Number of protein chains: 4
Amino acid sequence: MASRSGQPAASRRRLEAEERKGEILDAAFEEFSLRGYAGARLEDVAVRAGVAKGLPHFYFKRKSDLFCAVLRRIIIPTWTDLAESATASDAPTREVLSSTLREMYRRLAANKKAQEVMRLLIAEGPRFPELVELYYHEVLKRKIAIWTQIVKRGIQRGEFRETPLVKHAQIIHGPVFMAAIWQALWGKNHGLDLDAWIESHLDLVLHGLERKGGRTKR
Amino acid sequence: MASRSGQPAASRRRLEAEERKGEILDAAFEEFSLRGYAGARLEDVAVRAGVAKGLPHFYFKRKSDLFCAVLRRIIIPTWTDLAESATASDAPTREVLSSTLREMYRRLAANKKAQEVMRLLIAEGPRFPELVELYYHEVLKRKIAIWTQIVKRGIQRGEFRETPLVKHAQIIHGPVFMAAIWQALWGKNHGLDLDAWIESHLDLVLHGLERKGGRTKR
Amino acid sequence: MASRSGQPAASRRRLEAEERKGEILDAAFEEFSLRGYAGARLEDVAVRAGVAKGLPHFYFKRKSDLFCAVLRRIIIPTWTDLAESATASDAPTREVLSSTLREMYRRLAANKKAQEVMRLLIAEGPRFPELVELYYHEVLKRKIAIWTQIVKRGIQRGEFRETPLVKHAQIIHGPVFMAAIWQALWGKNHGLDLDAWIESHLDLVLHGLERKGGRTKR
Amino acid sequence: MASRSGQPAASRRRLEAEERKGEILDAAFEEFSLRGYAGARLEDVAVRAGVAKGLPHFYFKRKSDLFCAVLRRIIIPTWTDLAESATASDAPTREVLSSTLREMYRRLAANKKAQEVMRLLIAEGPRFPELVELYYHEVLKRKIAIWTQIVKRGIQRGEFRETPLVKHAQIIHGPVFMAAIWQALWGKNHGLDLDAWIESHLDLVLHGLERKGGRTKR
DNA sequence: TATGAATGAGGTTTCATTCAT
DNA sequence: AATGAATGAAACCTCATTCAT
């Protein structure tokens with residue numbers, strides 16, 4: 001703990017408090033995920049975090065505040081680094097699209113935590129509109145931008161055909177989302193062969209976007 | 001009421017009881033949809049159904065039984081008539097696919113009730129595994145069968161190219177599912193232009209499946 | 001059914017009604033004995049009696065009425081025939097006492113139903129004072145009279161010594177009562193050897209009452 | 001409160017908590033005694049103890065736990081000190097027996113609380129077998145041992161005659177038990193003259209046990 | 001008489017929240 | 001900062017009782 005004792009006491013204490021808060025948020029996520037918002041008990045959160053029953057209320061005045069903080073903390077770092085400029089490289093667009101799609105699957109359909117966030121959001125969204133808005137601005141808008149950008153790039157470079165899809169490029173994302181929910185609900189009894197699924201998805205999308213016949217002409 | 005008075009009294013009463021049960025199920029669906037499983041109060045269900053507080057318990061021993069009955073009643077009649085033999089006609093497969101997809105959107109993405117069932121299932125699935133299984137057997141399996149059948153038909157008739165998608169034909173369904181959840185959560189503030197969305201989706205899928213080069217007709 | 005159809009219809013119906021009532025009382029006794037007054041459910045009584053839920057209320061306006069009727073019906077015929085004049089014979093008093101005591105054991109300590117009545121009375125007595133009074137007048141007073149009579153007879157005939165027991169002759173009954181409760185509570189795990197118990201009891205009482213030294217005279 | 005302030009705060013708080021628990025147990029005993037197990041309301045217990053409705057549940061997860069704790073707390077200290085070695089002295093056995101019997105009456109037949117414990121045990125025993133067993137091991141076995149010991153001592157010292165009673169010495173206890181229940185149920189309207197009762201009982205037992213003929217000493 | 005659907009008071013239990021320490 | 005006893009609103013559930021048929 002040399003690094004700690006080297007800091008001024010107040011700052012160190014604040015750091016420890018921040019850690020404690022993080023432990024409570026972690027524990028709360030587990031409980032909410034396991035039992036849903038209403039079903040989760042604050043006492044269980046405290047026990048799981050290894051603190052006394054009253055402490056969660058010290059950091060988060062209400063249960064609803066805790067819930068929002070939990071989701072907020074996971075949503076933002078998970079998705080804000082979505083590179084909207086995958087187009088920076090000079091690679092063929094089909095490859096940009098492929099790698100982007102694989103990354104999406106990796107983050108959502110193959111990530112239990114992200115699935116649980118989605119589940120909680122879908123479940124409690126109507127009672128937590130600010131979280132729904134948050135997700136829209138932090139995640140959905142970014143995803144739409146990415147897919148739109150990729151499709152446009154393909155068209156501009158003559159790699160993809162003209163298509164109304166530029167207006168709703170997030171349609172490409174649909175199967176990713178479906179796979180994520182599928183895994184969360186039916187993964188245990190009727191799990192997906194995710195790799196094969198991804199290849200099929202790519203096969204459909206790339207054939208659906210590519211310019212027909214005129215490969216040579218252009 | 002002529003039809004009623006023609007029946008023996010006991011039978012008529014049983015009929016009325018069945019109606020009452022239905023009203024309770026309707027009311028319960030509204031409450032569960034509004035507040036989630038744990039948040040819904042049985043007394044509110046009773047009030048909404050216009051019956052006394054104790055009656056829901058008379059028909060359904062536990063809250064969980066009521067919840068299951070509610071979902072079961074909606075899931076089964078909504079989806080069991082999924083025509084798996086859309087292939088009966090002699091129409092071009094692209095048209096079969098188009099009309100099937102539009103029907104899917106009509107039933108799910110444009111149907112508030114179906115969206116709420118999905119939301120409740122996603123939210124409470126982990127606590128009601130039997131409902132999850134029910135949905136799998138009554139809905140998912142049927143949808144997979146339909147999409148697989150259509151894709152195969154297209155390939156067999158030389159209209160679609162060979163594609164790994166036959167193994168995961170439900171990928172086609174992904175955007176339908178995403179649109180449904182989208183409408184349920186963001187419909188109010190960031191509603192979709194569903195018609196344009198559908199056309200884009202069809203555009204992608206049909207191009208993604210059609211046979212290249214062999215377009216002599218066109 | 002010849003005997004029945006030979007009666008006027010109204011009377012026959014009343015008889016059937018009386019039988020039904022009896023079946024309800026029997027069923028109610030079982031339930032009260034099994035679960036106590038508050039714990040017994042009227043619906044279970046109805047089911048056990050093979051009638052509809054509402055019928056017990058037709059015969060007995062309140063649950064408490066049913067309870068009283070149940071106990072009353074058992075207490076009275078079980079104990080009212082207590083022969084207070086076992087003294088009619090000319091047998092030695094020690095034999096009168098012996099046979100009376102044995103009869104008491106037979107009726108109480110060896111009779112599950114009588115034990116249950118006692119248990120219910122002890123349990124609910126404070127809330128049903130009229131039953132407690134009934135038991136006093138129908139049972140206790142009679143028993144006191146019997147024991148007093150026997151002891152007095154023994155003294156008068158010079159068989160028993162003078163003893164203050166004539167004032168509280170029911171003391172003789174104490175071990176009978178204790179054996180009954182013992183059987184009801186501990187009979188299953190720590191059952192009594194009732195025959196040996198009775199002999200010991202008789203041994204104590206007869207020696208306790210007999211005239212000392214003067215054995216020879218008689 | 002000097003003794004308290006001398007302790008660390010946490011320990012003092014724990015001590016107070018223990019007191020509060022005791023107050024709840026006291027209040028619960030009153031309510032159970034007054035209304036029976038099922039009839040007692042936890043809220044009334046709380047009011048009687050002067051605490052909030054939820055506190056009894058904080059200390060005792062279920063009503064049944066509270067009930068068991070109540071009885072356990074009374075049974076054990078009331079009876080575990082039963083001196084099984086009343087034989088230590090050199091007094092004549094008839095005096096040992098007399099004083100022991102009087103003590104039994106004092107503790108049971110003249111003690112309202114002990115009577116209520118017996119009543120509750122008899123009433124609810126079938127639903128709380130562990131309490132019944134507890135009573136057997138903590139009380140009955142001890143009482144049997146005491147009476148057996150006394151009778152044996154009398155025989156060994158030539159004061160009592162040989163008698164089968166050594167096998168069921170608790171028969172001596174019967175009238176004590178009967179008197180206790182009598183007082184609990186009929187004490188109000190038909191109360192016993194307990195002192196006279198005790199003398200009669202002693203008179204019967206001592207004459208019943210004493211050696212015949214050998215009265216020379218006296 | 002007899003049925004069983006319907007009522008609603010009332011109980012146990014849970015648990016977010018408060019607060020003295 | 002942290003603890004955990006204490007509070008009390010509210011929910012589920014039970015069941016005696018009523019009543020239309």
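Source: prediction; values computed, not measured. Chain identifiers are assigned alphabetically (A, B, ...) following the order of the sequence lines, protein sequences preceding nucleic acid strands; residue numbering begins at 1 within each chain.
Heavy atoms of C/Ala46 sit nowhere under 4.0 angstrom from any nucleic acid atom. Among the protein residues, A/Ala38 comes within range of no part of the nucleic acid, since none of its heavy atoms lies under 4.0 Å from any strand.
If you take CD of B/Glu43 and P of F/dC12, they are 9 Å apart, rounded to a whole angstrom. For D/Glu31 and E/dG11, the CD to P distance is 11 Å, given to the nearest whole Å. One atom, CZ of D/Arg35, and another, P of E/dT12, lie 12 Å apart when rounded to the nearest Å. Summarising the geometry, the separation between CG on B/Leu42 and P on E/dT7 is reported as 15 Å, rounded to the nearest angstrom. Spacing between atom NZ of D/Lys21 and atom P of F/dA6 amounts to 11 Å, rounded to whole angstrom units. Across the protein-nucleic acid pair, D/Tyr37 atom OH and E/dG11 atom P stand 14 Å apart, rounded to whole Å.
For residues 23-57 of chain C, the set of pairs meeting the ring pair (Phe, Tyr, Trp, His ring centres under 6.0 Å) definition, not counting sequence neighbours, comprises C/Phe32-C/Tyr37, C/Phe32-C/Phe67, C/Tyr37-C/Phe67, C/Tyr37-C/Phe128.
Comparing the C1' positions of E/dT1 and F/dT21 gives an interatomic distance of 13 Å, to the nearest angstrom.
For the pair B/Leu25 and B/Ile74, the minimum side-chain heavy-atom distance is 4.5 Å or more. Between B/Met118 and B/Ile122, some side-chain heavy-atom pair lies under the 4.5 Å cut-off. Using a 4.5 Å heavy-atom cutoff, the side chains of A/Glu124 and A/Leu131 are not in contact.
Partner assigned to F/dA20 is E/dT3, using Watson-Crick or G-U wobble distances below 3.5 angstrom. Using N1 to N3 plus N6-O4 or O6-N4 for Watson-Crick, or N1-O2 and O6-N3 for G-U wobble, each under 3.5 Å, F/dC13 pairs with E/dG10.
Proximity of C/Arg41 to the phosphate of F/dT14: no side-chain N or O atom is located under 4.0 Å from OP1 or OP2.
A donor-acceptor pair under 3.5 Å is absent between the side-chain atoms of A/Asp44 and the main chain of A/Arg41, judged by distance alone. At distances below 3.5 Å, at least one donor-acceptor pair connects side-chain atoms of A/Lys63 with backbone N or O atoms of A/Ala40. When atom types are taken as modelled, the side chain of B/Arg127 and the backbone of A/Leu34 share a donor-acceptor pair closer than 3.5 angstrom.
Contacts between residues 48-72 of chain C and DNA chain F, defined by a heavy-atom separation below 4.0 Å, involve C/Lys53, C/His57, C/Lys61, C/Arg62, C/Lys63, listed by number.
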